[in-house]
Amino acid sequence: MNIEQNISAALIQAVKQLYDQDLPENQVSLQDTRAEFEGQITIVVFPVVRFSKKSPEATAADLGTYLQEHVAQVTGFNVVKGFLNLSIADSYWLNLLNSTLLDASFGTFKPNGQKVMVEYSSPNTNKPLHLGHVRNNLLGYSIAELLKANGYEVFKVNLVNDRGIHICKSMLAWQKWGNGETPESSGLKGDHLVGKYYVIFDKEYKKEIDALKQAGQTEEEAKKNAPLIKEAQQMLLAWESGDNTVVELWKKMNGWVYDGFAVSYKNLGVDFDKYYYESDTYLLGKDNIEEGLSKGVFFKKPDGSVWIDLTADGLDQKLVLRADGTSVYITQDIGTAQLKYDDFKMDQSIYVVGNEQDYHFKVLFLILQKLGKTWAKGLYHLSYGMVDLPSGKMKSREGTVVDADDLVAEMVETAKQKTEALGKVDGFSEEEKEALFYNIGMGALKYFLLKVEPKKRLLFDPAESIDFQGNTGPFIQYTHARIRSLLNKAAYASAPVKENTALSATELEMIILLSKYPSELASAAKGYTPATLANYLYEVAKMFNKFYHEVPPIIKEEDAGLKQQRLNLSSVTAGILKSGMRILGITVPERM
RNA sequence: GCCUUGGUAGCUCAGUUGGAUAGAGCAACGGUUUUCUAAACCGUGGGUCAGGGGUUCGAAUCCCUUCCAGGGUACCA
């Protein structure tokens, strides 16, 4: 039982004793005492007033007196308007530090027996990854790690969009204009090479459209009639019928892309337990359509197309199977959801997909519920906002994208320049330097993207480099390195401090902040947002730096108990920074 | 049109189930190093929380409405 629970219980008791009333638990409102007032825990007494039938001030005074008498740790109180500020004994906080925070299991959760799948990344194999994908990958990875940290068994999966008309476009362009170019012959990374032909297709396609428009066709007609698009559609049909030449070409080019993605994923530090490929799953879902028809969930229109009517749920009618019997996107997704569940039997399944698909997932989940899938209630769309440039949206075909590989390289280079300019790497081996530049560059990038609430859109200005100072990854990394250096110099060994030691205001504040780590992990997982964890870690780092500047050099401290206590505080801080940053996918260096 | 998500300092963002005088960072200005790493610390200035109305003891937070921006809108994924 922690102090908050203790006080909550005592508060309810106090209301019973003093006013003979039952205070509902949800009327108990505790918060941290603001820095300008005495005390650490504050009770907001307004909710109690209608039970006490006294003024807020009088009620607060009653309650304060009662709590001081009945709760051992409450050593004093003061009342400011309707706020009852409680002073908690230093001994309580010291004990918290020496027992709970110092315990090796602090900040870890026992397995909770729940299984959760996180699907993320889900790239198309016709172009390289860009900044939008980077956000997706980092978000998916860190959500998965966050859930692991909370005791879930997690499966990370990647559903690769490796087939379809857009894939045929780059294949066709390569066939026509590639002259047999390969990653080896061109020195281009495979995904970039394929992306190049996707762009070429689009350029040539536009030329044809323009020509047809000159000849008097409307835009719409021209788009439909252009020879290139017809050829691409033919190629798709050939692929679907298993045409050997097309399938071989498809395998070859996809192979290039996978080699390229492997490099990008490694750079981003993300991984997957299982890959699903749409070329395997695109025919799934038709059985579920039959199932839905027989259950009366779906209905057939005269032309043979199958629909679901969701107007009663505030949505529209939605097509689930074309009149010619072919699938649409949602057909596949119904089938794939079933497949994933059959494979893993997970309690929860999270789709990390951009907010442009909000409607799609709303419909998908509703359909699965109506089909009577008991597991449908565990489905969650982790929707995130687009990454925009100052000029607006990124568009692959127009070349206005921030390429993932370029960005990573730039970040590492910037880290190198800044680090060398600060003269921080004297005495580092080449390997150590390289690792450090990578870790700092990626730390800056990852923190920059993850500190923002997922659902908010994100503005990225390529002209303005990502910061390395202030509320940034490198700031937190630096704080960690500094603490490690301190602990090494002090030959630190973890040990509780038995004797009574003094506690400064900052140290007390630190203990309170550090003790919140587990609940921060829990609420970040519950809200599916690494952003709150990122911001918490920043608070922790900032608090440590303040402490570090305030106290005299710890190493030279002669009072052994005080020295040990300050090292303990530093060590707990470093531990939280390291494990929290790891959940964000960020490595904190020992030295920097 | 309809649905949906946003709008907080010059810029980028925090802001718990509604709680005290709305906070950080960057940028600007000033200060701190014979003391454990100055990617740090301390200070100054900067706000009609998009506008209006409502509920409440109390609203950036909840409700209504207007404006602005993004996304979606039935056989693309």
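First the proteins, then the strands, lettered A, B, ... as listed; each starts at 1.
A donor-acceptor contact under 3.5 angstrom links the side-chain atoms of A:Thr419 to the base of B:A39. If you check distances only, the side chain of A:Asn545 never reaches the base of B:A38 with a donor-acceptor pair under 3.5 Å. Donor-acceptor pairing under 3.5 Å, judged by distance alone, is absent between the side chain of A:Gln477 and the base of B:A39.
Note on A:Asp333: nothing from the nucleic acid sits closer than 4.0 angstrom, heavy atoms only.
With both pairing distances under 3.5 Å, B:U44 is matched to B:A28 as a Watson-Crick or G-U wobble pair.
Nucleotide B:G25 holds its C1' atom 14 Å from the CD1 atom of A:Ile466, rounded to whole Å. Nucleotide B:G70 holds its P atom 14 Å from the CE atom of A:Met386, rounded to whole Å. Atom CD of A:Gln564 and atom C1' of B:C36 are 16 Å apart (whole Å).
An aromatic stack links A:Phe37 and the base of B:A20, using centre distance under 5.5 Å and interplanar angle under 30°. Residue A:Phe83 and nucleotide B:A20 are classified as a stacked aromatic pair, their ring centres being separated by less than 5.5 Å at an interplanar angle below 30°.
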Pair A:Gln469-A:Tyr478, side-chain hydrogen bond (donor to acceptor under 3.5 Å, both in side chains): steps then yes or no: CA-CA 10 Å; A:Gln469 288 173 354; A:Tyr478 172 73; over 6 Å; no

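Using a 4.5 Å heavy-atom cutoff, the side chains of A:Lys424 and A:Met592 are not in contact. Proximity of A:Phe437 to A:Glu420: side-chain heavy atoms (C-beta onward) are separated by under 4.5 Å at one or more points. A heavy-atom distance below 4.5 Å is not found between the side chains of A:Tyr492 and A:Leu486.
Separating the C1' atom of B:C36 from that of B:G58 is a span of 47 Å, rounded to the nearest Å.
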